[in-house]
Amino acid sequence: MFLGFGLDAWITIGTVLTMFSVLLFTKLRSDIVFLMAIGVLFVTGVLDTKEALSGISQTSVVVVGVLFVVIAGLTHTGVLQWIVRNLLGTPETYPKAVVRLMLPVAALSSFLSNTTVVALFVNIVKMWSKKLGITPSKLLIPLSYASGMGGVCTLIGTPPNLIISGLYEEQTGQAMNIFATTIPGLFCLAVGVLSIIAMRRLLPNRKSPEEEFEDTGEYTVEMLVPSDNPNIGKTIAEAGLSTVAGGSLIEIRHFDGESIISPVPDDEPVMGGDRLVYAGQIAELLELEKTHGLVNSIHHVFSLKEVKRNAHMLRTAYVTFGSNLIGSTMGTNGFEKENKVTLVAVSRRGKRLEQSPRDVVLKAGDTLLLESMNEFRTDTKALSRDLHFFDSEELPNIGWKTFVSTFIMIAMVALSALGVMSLLKCATLAVLAMLIFRCCTPEQAMRSINWDILMVFACSAVLGLAIEKTGIAERMANGILDICGTNPIVVMTAVCFAGTFITEFISNTAAGAMFFPIMYEAAVKLGYEPYPFLIALMIAVSSSFATPIGSPTHMLVYGPGGYRFSDFLRIGLIMNIIILAANIFIVNVVYPLTPLQ
């Protein structure tokens, strides 16, 4: 024993701290990091085989996987798009705009994936903000905050609620109602909306990156190969026409007018009458007339809108946090060749970078303008880890399936809330109904399941088990009681504060799983029913407002809003304190502390 902990406990502590460090300071995938942590605990004997694999069979984990398919049915039948189209309106003032935005987003996030809702709203908000004369940066942070605050209003709105309620059911044999967090969540949401309106001057007024892309003719130029050019017959590489001073070649339109090559391979031959499209600094690119004998065709071929021309289109994407592209250039990382796309321009914090796009060292949040073939798939896992595309989804048609999928979702929630059957059974029936009525195809259903998130979810539950089994939870609970005394509200506040801080740096799912045993043990040792303590914990671990890495939804708005890291800190730290206070207050009003029987 050392400091009250045995060897297994110290192995667990070392593993968890190492895991946090790896997640914070490396680009390794989070699911891989969590799996490695569980592997260490299994190999060292901290967990036996059954315990190491227990996360996979957790009811809450299975429910999350099934709900992915339910959400796919709603998305592919246009339910979300219909709601967005009919809710926002044209409010006259900024406070009214915040209310009209945050309340529908929160309502949707109570039942659907926060990430799905925010991804759908981002482009809509950008267009809406122009209509209202408000910069997108004033609305995109409230959009992300609303999704997080709405998610805590039901058990199915966010994964931590499911995992904490699942662990509570295992400990007590009592299942929480799907609306257990609704009243506290709605109160915190109301406080959050009012706080955003009151602190609106702390929200940055930043230029949207896409404003630099609205007329791409300003930074693309088409050069013509005259019939007497000495490079005719050579390859692009031999002629030195690929990467030139001021930019790079993104496309060739051969003289027949129909053959378009993009991306351009080095061995592509140069022919008289070819049109070479370059992206970069126009003043330097026009020097190609002198250096390579080309002629300016005075024809800029690109526009930002998705204009299809010979199966080509432009797409806007944002470099995600943890992307493998960070720190590299498109000219050296092989991304363009692997995915058959061409980088046209790069914008950072709302300003297009004044250098050749393929020479830009990429950073998280950079906005990229890419040219691709029309059939280019943006929803592959390999791409989604590096980039997030906002201009690639086609809106589905509104029809009878829209109403069918809506009815299925409402029926699922109602049956669970009334206690007719368990949430897992309700969700399973909903999936079967979605497939039977063709609200989504089996292929779409399978693609909708985010296995990475499920793996993190399952491993988080196992880590929570290890923390409890090794006595860490009991020891930490005793430490909190030693520091905070025996006042239950003070203890509740201390654990929730720690949970809110930790969730700024790791997933809220992991924070919920690891703080559950600590909060549960603290409540039991105080002699109180753990239920209200755990409701407060659910809200706390989903209240990450101060860093863009605290939530996937913050990452989705970081690039489009042209934000800086400090923008989240400035308003987010205050929001953390306000919501923490509101959380503790309302939970103790709705769920008065009850001594254990």
Side-chain angles (χ1 to χ4, degrees), residues 60-88 101 103-125 143 146-147 150-151 153-159 161-162 178-179 182 377-379 384 390 392-451 453-454 552-553 556:
S60 52
V61 175
V62 180
V63 168
V64 171
V66 174
L67 287 176
F68 278 128
V69 182
V70 177
I71 293 168
L74 294 170
T75 303
H76 289 291
T77 55
V79 173
L80 304 186
Q81 290 83 352
W82 184 88
I83 292 172
V84 170
R85 195 181 302 166
N86 291 277
L87 283 182
L88 294 181
L101 172 65
L103 294 187
V105 168
L108 289 172
S109 298
S110 297
F111 301 99
L112 308 176
S113 161
N114 301 355
T115 305
T116 300
V117 173
V118 171
L120 176 66
F121 267 82
V122 165
N123 264 350
I124 302 295
V125 169
L143 165 65
S147 71
C153 291
T154 65
L155 291 190
I156 64 173
T158 188
N161 287 9
L162 279 169
I178 191 174
F179 294 117
T182 299
R377 288 280 303 279
T378 63
D379 58 353
S384 61
F390 286 105
S392 58
E393 299 295 330
E394 294 184 3
L395 293 180
N397 294 322
I398 306 297
W400 66 272
K401 291 181 182 179
T402 308
F403 301 100
V404 170
S405 62
T406 302
F407 175 80
I408 292 171
M409 179 68 181
I410 293 173
M412 181 193 79
V413 174
L415 289 174
S416 175
L418 295 173
V420 176
M421 58 182 69
S422 69
L423 177 57
L424 178 57
K425 289 181 179 179
C426 292
T428 302
L429 286 177
V431 167
L432 292 175
M434 290 286 188
L435 294 173
I436 290 171
F437 289 101
R438 304 286 296 174
C439 294
C440 64
T441 65
E443 292 75 19
Q444 289 170 335
M446 290 305 296
R447 283 205 307 268
S448 70
I449 300 174
N450 192 319
W451 298 103
I453 290 179
L454 281 183
T553 60
L556 291 182

Participant: So which heavy atom on Leu454 is nearest to which on Gly65, and how close?
Facilitator: CD2-N, 3.6 Å
Participant: How would you list, by chain and number, every residue that makes a side chain to side chain donor-acceptor pair (under 3.5 Å) with Thr553, sequence neighbours excluded?
Facilitator: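 Partners of Thr553 under the side chain to side chain donor-acceptor pair (under 3.5 Å) test: Ser144, Ser551.
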Participant: Applying side chain to side chain contact (heavy atoms under 4.5 Å, CB included), can you list everything that pairs with Ala107, at least two apart in sequence or on another chain?
Facilitator: none
Participant: Are more than 12 heavy atoms from other residues, nucleotides or ligands located less than 6.0 Å from atom CZ of Phe179?
Facilitator: yes
Participant: Can you confirm whether Val404 sits close enough to Thr77 that some side-chain heavy atom of one is under 4.5 Å from a side-chain heavy atom of the other?
Facilitator: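 Not touching, per the 4.5 Å side-chain cut-off.
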Participant: Drop me the distance from Ser448's OG to Ile71's CD1, to the nearest 0.5 angstrom.
Facilitator: 8.0 Å
Participant: Would you give the length of the straight line joining atom OG of Ser147 to atom CG of Leu112, rounded to the nearest 0.5 angstrom?
Facilitator: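 Interatomic distance, Ser147 OG to Leu112 CG, rounded to 0.5 Å: 11.5 Å.
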Participant: Measuring from atom OG1 of Thr441 to atom CE of Met446, what distance do you get when rounded to the nearest 0.5 angstrom?
Facilitator: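 Reported value, rounded in 0.5 Å steps: 11.0 Å.
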Participant: Taking C-beta and beyond as the side chain, do Asn161 and Ile156 meet within less than 4.5 Å on heavy atoms?
Facilitator: no
Participant: Applying side chain to side chain contact (heavy atoms under 4.5 Å, CB included), can you list everything that pairs with Ser110, at least two apart in sequence or on another chain?
Facilitator: Cys153, Thr154
Participant: Taking all heavy atoms of Val105 and all of Ala146, pick out the closest pair and write down the distance.
Facilitator: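 Of all heavy-atom pairs spanning Val105 and Ala146, the closest is CG1-CB, 3.9 Å.
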Participant: Would you confirm whether Lys401, through its side chain, and Phe437, through its main-chain N or O, come within 3.5 Å as a donor-acceptor pair?
Facilitator: no
Participant: Can you tell me how far the CG atom of Leu74 sits from the CZ atom of Phe111, to the nearest 0.5 Å?
Facilitator: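 Here the rounded value is 11.5 Å.
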Participant: Taking atom OG of Ser405 and atom CH2 of Trp400, what is their separation to the nearest 0.5 Å?
Facilitator: 10.0 Å
Participant: For Ala433 versus Ile408, what's the shortest heavy-atom pair and its separation?
Facilitator: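 Looking at all heavy atoms of both residues, the closest pair is CB-CD1, 3.6 Å.
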Participant: What pair of heavy atoms forms the shortest contact from Ala445 to Val69, and how long is it?
Facilitator: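 That would be CB-CG1, 3.6 Å.
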Participant: What distance separates Ile449 CD1 from Phe68 CZ, expressed to the nearest 0.5 Å?
Facilitator: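 Interatomic distance, Ile449 CD1 to Phe68 CZ, rounded to 0.5 Å: 8.5 Å.
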Participant: Identify all side-chain donor-acceptor contacts of residues 409-431 below 3.5 Å with residues at least two apart in sequence or on another chain.
Facilitator:
unit_1	atom_1	unit_2	atom_2	d
Ser422	OG	Lys425	N	3.3
Thr428	OG1	Leu424	O	2.8

